[in-house]
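Only one structure is covered here, and it is reproduced in the block below.
In the text below, chain A, chain B and the rest are named by the order of the sequence lines, each starting its count at 1. Computed from heavy atoms alone, side chains included, the values below leave out hydrogens, waters and symmetry copies. No experiment lies behind these values; they were computed from the predicted model shown.
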Amino acid sequence: MCDAAIADAAIPDAVLAWYDRHRRVLPWRAPPGAAADPYAVWLSEIMLQQTTVAAVKSYFSAFLARWPNVDALARAPAEEVMRQWAGLGYYSRARNLHACAKTVSAKFGGQFPDEEAALRALPGLGPYTAAAVAAIAFCRKAAVVDGNVERVLSRLYAIEAPPPAGKRLIYARAEALTPAERPGDYAQAMMDLGATICTPKSPACAICPLNGACAAFRIGDPARFPVKAAKPERPLRRGAAFYVARPDGAVLVRTRPPKGLLGGMTEIPGSPWTEDFDEAGAPRHAPVEARYRRLARPVEHSFTHFALQLSVYVGEAGANMPAPDGCRWAAADLENEALPTLMRKLVSAARRREFGGDL
DNA sequence: TATTCGTGGGG
DNA sequence: TCCCCAAGAAT
């Protein structure tokens, strides 16, 4: 018990010393000693929710170039924000991002609140993000617990309890360890440690600055932690999509409802996606009367909680055919559309026109 | 509390 | 190939 307490007291300094030598250089990170831009910190943290650093980089620089501060982002049309976000996933983040920018601009004079509780009240900021912005942008002592920190701490203390109890134990450890000095660097250090040393599969314990204090390392099986809940199986849903193009290449599209899957994004019209989809009944979901040809192979896409197979029907429209209710014509380049990856995949497949030999 | 929400890369 | 999962939040 005494040994553990002594080791705990030494952990923040050990982590910070490691960070000073091995920190990752990232576009949203201020140089050592420099003040962080709260707007850039917030923007990066929203983008990084459940999203890899590699995927975020180009989106972050594009957003920052286009909207250099929170007031500029607040003034942007929602459709442009969605379009700029297209491809990054979890699109409710983009809506909350815009709503948050408007709140900060209108109610806080363009300055982010500098306390964790006030940040937590903003749209899109949950426990993790509020703590991260408070610590990194405002040097507040806040317990920052993301997936990396969970992994590091669950190993450090060999926490066996499955969630949610295990997560509460982890959070308590995080609060106890968070230092008053350099809380932002400490948070980023723990995340860097998790991302580069204390990795999910084969952690590099030999070069870890915490191996001397790590219970899981002592036990000899660090990869066993954190203990996770069993994952539900992923069902297969199927449906039909109708790619209708005019001679000039314009494509019939529509906007999905603002909430739910791919909320507010542009889609190719089609049927609902269900586990008991009936291919024979597909034509009744066609947006316009036309002669359709079905692609030889369906478009496949994998979401987090279900897999999807879409039959693609390709039809041709006259040059001046009006768009039916709820649909519109999008220019052939689709540049002004918030197209999620699934829909880009679908458009590419339709334009390849691989119908097979049977039709 | 348990689900729902994307996407791309790595093992 | 398939499964895992990555700086989680909202409901």
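- Between the C1' atom of C:dA9 and the CD atom of A:Glu150 lies a distance of 14 Å, rounded to the nearest Å.
- Counting any heavy atom pair closer than 4.0 Å across all strands shown, A:Gly87 reaches sugar-phosphate atoms only and no base atom.
- Ranking B:dT7, C:dA9, C:dA6 by closeness to the A:Pro340 side chain, first place goes to B:dT7.
- Side-chain atoms of A:Lys201 lie closest to B:dG11 of the nucleotides C:dA6, C:dA9, B:dG11.
- Here the C1' atom of nucleotide C:dA6 and the CZ atom of A:Phe303 are 18 Å apart, to the nearest Å.
- The phosphate of C:dG8 (OP1 or OP2) has a side-chain N or O of A:Gln50 nearer than 4.0 angstrom.
- Atom CG of A:Asp325 sits in a sparse spot, with 12 or fewer heavy atoms from other residues, nucleotides or ligands closer than 6.0 Å.
- Nearest to the side chain of A:Thr129, among C:dC5, C:dA7, C:dG8, sits C:dG8.
- Of the side-chain N and O atoms in A:His301, one or more sit less than 4.0 angstrom from OP1 or OP2 of B:dT7.
- Checking B:dT7, C:dG8, C:dA10 against every side-chain atom of A:Arg120, the shortest atom distance belongs to C:dA10.
- Residue whose closest nucleotide on DNA chain C sits further toward the 5' end, between A:Pro123 and A:Leu48: A:Leu48.
- Proximity note for A:Asp192 (side chain, C-beta onward) versus C:dA7, C:dA6, B:dT7: the nearest is C:dA7.
- Using a cutoff of 4.0 Å between basic side-chain nitrogens and carboxylate oxygens, A:Glu116 and A:Lys141 are not scored as salt-bridged.
- In this structure, of C:dA9, C:dC4, B:dG6, it is B:dG6 that holds the atom nearest to the side chain of A:Leu262.
- Remark: the A:Arg95 side chain and the C:dA10 base include no donor-acceptor N/O pair separated by less than 3.5 Å.
- The side chain of A:Tyr90 contributes no N or O atom lying less than 4.0 Å from OP1 or OP2 of C:dA6.
- Just one residue in the list A:Tyr59, A:Phe63, A:Phe60 forms a ring pair (Phe, Tyr, Trp, His ring centres under 6.0 Å) with A:Trp85, and that residue is A:Phe63.
- Distance CZ (A:Phe60) to C1' (C:dA7): 13 Å, rounded to an integer number of Å.
- Judged by closest nucleotide on DNA chain B, A:Pro232 is the one of A:Pro232 and A:Ala55 placed further toward the 5' end.
- Backbone-only contact: A:Thr341 has heavy atoms under 4.0 Å from sugar-phosphate atoms and none from a base.
- In this model, the phosphate group of B:dG6 is not approached by any side-chain N or O of A:Thr304 to a distance below 4.0 Å at OP1 or OP2.
- Between A:Tyr39 and A:Trp42, the ring planes are tilted. Angles from 30° to 60° get that label.
- The residue A:Ser302 sits close to a base: some heavy atom pair falls under 4.0 Å.
- When distances are taken from the side chain of A:Leu342 to each of C:dG8, C:dC5, B:dT7, the shortest belongs to B:dT7.
- Residues A:Gly263 and A:Arg168 both approach DNA chain B. Their nearest nucleotides, taken by heavy-atom distance, put A:Arg168 toward the 5′ side.
- A straight line from CG of A:Leu261 to P of C:dT11 spans 16 Å, rounded to a whole angstrom.
- For the OP1/OP2 pair of C:dC4 and a distance below 4.0 Å, the side-chain nitrogens and oxygens of A:Lys228 include no atom meeting the criterion.
- Rounded to an integer number of Å, the gap from A:Leu308 CG to C:dC2 C1' is 17 Å.
- Using C1' as the reference atom, C:dA7 and B:dA2 are 23 Å apart when rounded to the nearest Å.
- When the nucleotides B:dG6, C:dA7, C:dA9 are ranked by their closest atom to the side chain of A:Leu26, C:dA7 comes out on top.
- One finds a salt bridge joining A:Glu337 and A:Arg328 here, because a Lys/Arg side-chain nitrogen approaches an Asp/Glu carboxylate oxygen to under 4.0 Å.
- In this structure, A:Trp28 reaches the bases: a heavy-atom distance under 4.0 Å links it to at least one base atom across the strands shown.
- Contact check, A:His305 against B:dC5: a side-chain N or O comes under 4.0 Å of OP1 or OP2.
- Salt-bridge check for A:Asp192 with A:Arg23: failed, with every basic side-chain N at 4.0 Å or more from each acidic carboxylate O.
- Rounded to a whole Å, the CH2 atom of A:Trp85 is 13 Å from the C1' atom of B:dT7.
- Remark: P of C:dC2 and CG of A:Leu236 are 12 Å apart, rounded to the nearest angstrom.
- A distance of about 12 Å separates the C1' atoms of C:dA6 and B:dG6, rounded to the whole Å.
- Rounded to whole Å, atom C1' of B:dT4 lies 13 Å from atom NZ of A:Lys259.
- Ring-centre distance between A:His305 and A:Phe303: not below the 6.0 Å cut-off.
- No hydrogens or angles considered: nothing links the side chains of A:Arg93 and A:Gln49 as a donor-acceptor pair under 3.5 Å.
- Side-chain nitrogen and oxygen atoms of A:Arg151 include at least one within less than 4.0 Å of the OP1 or OP2 phosphate oxygen of C:dA6.
- Here the nucleotide nearest the side chain of A:Glu45, chosen from B:dC5, C:dA7, B:dG8, is C:dA7.
- Nearer the 5' end of DNA chain C, as judged by each residue's closest nucleotide, is the contact made by A:Arg234, out of A:Met191 and A:Arg234.
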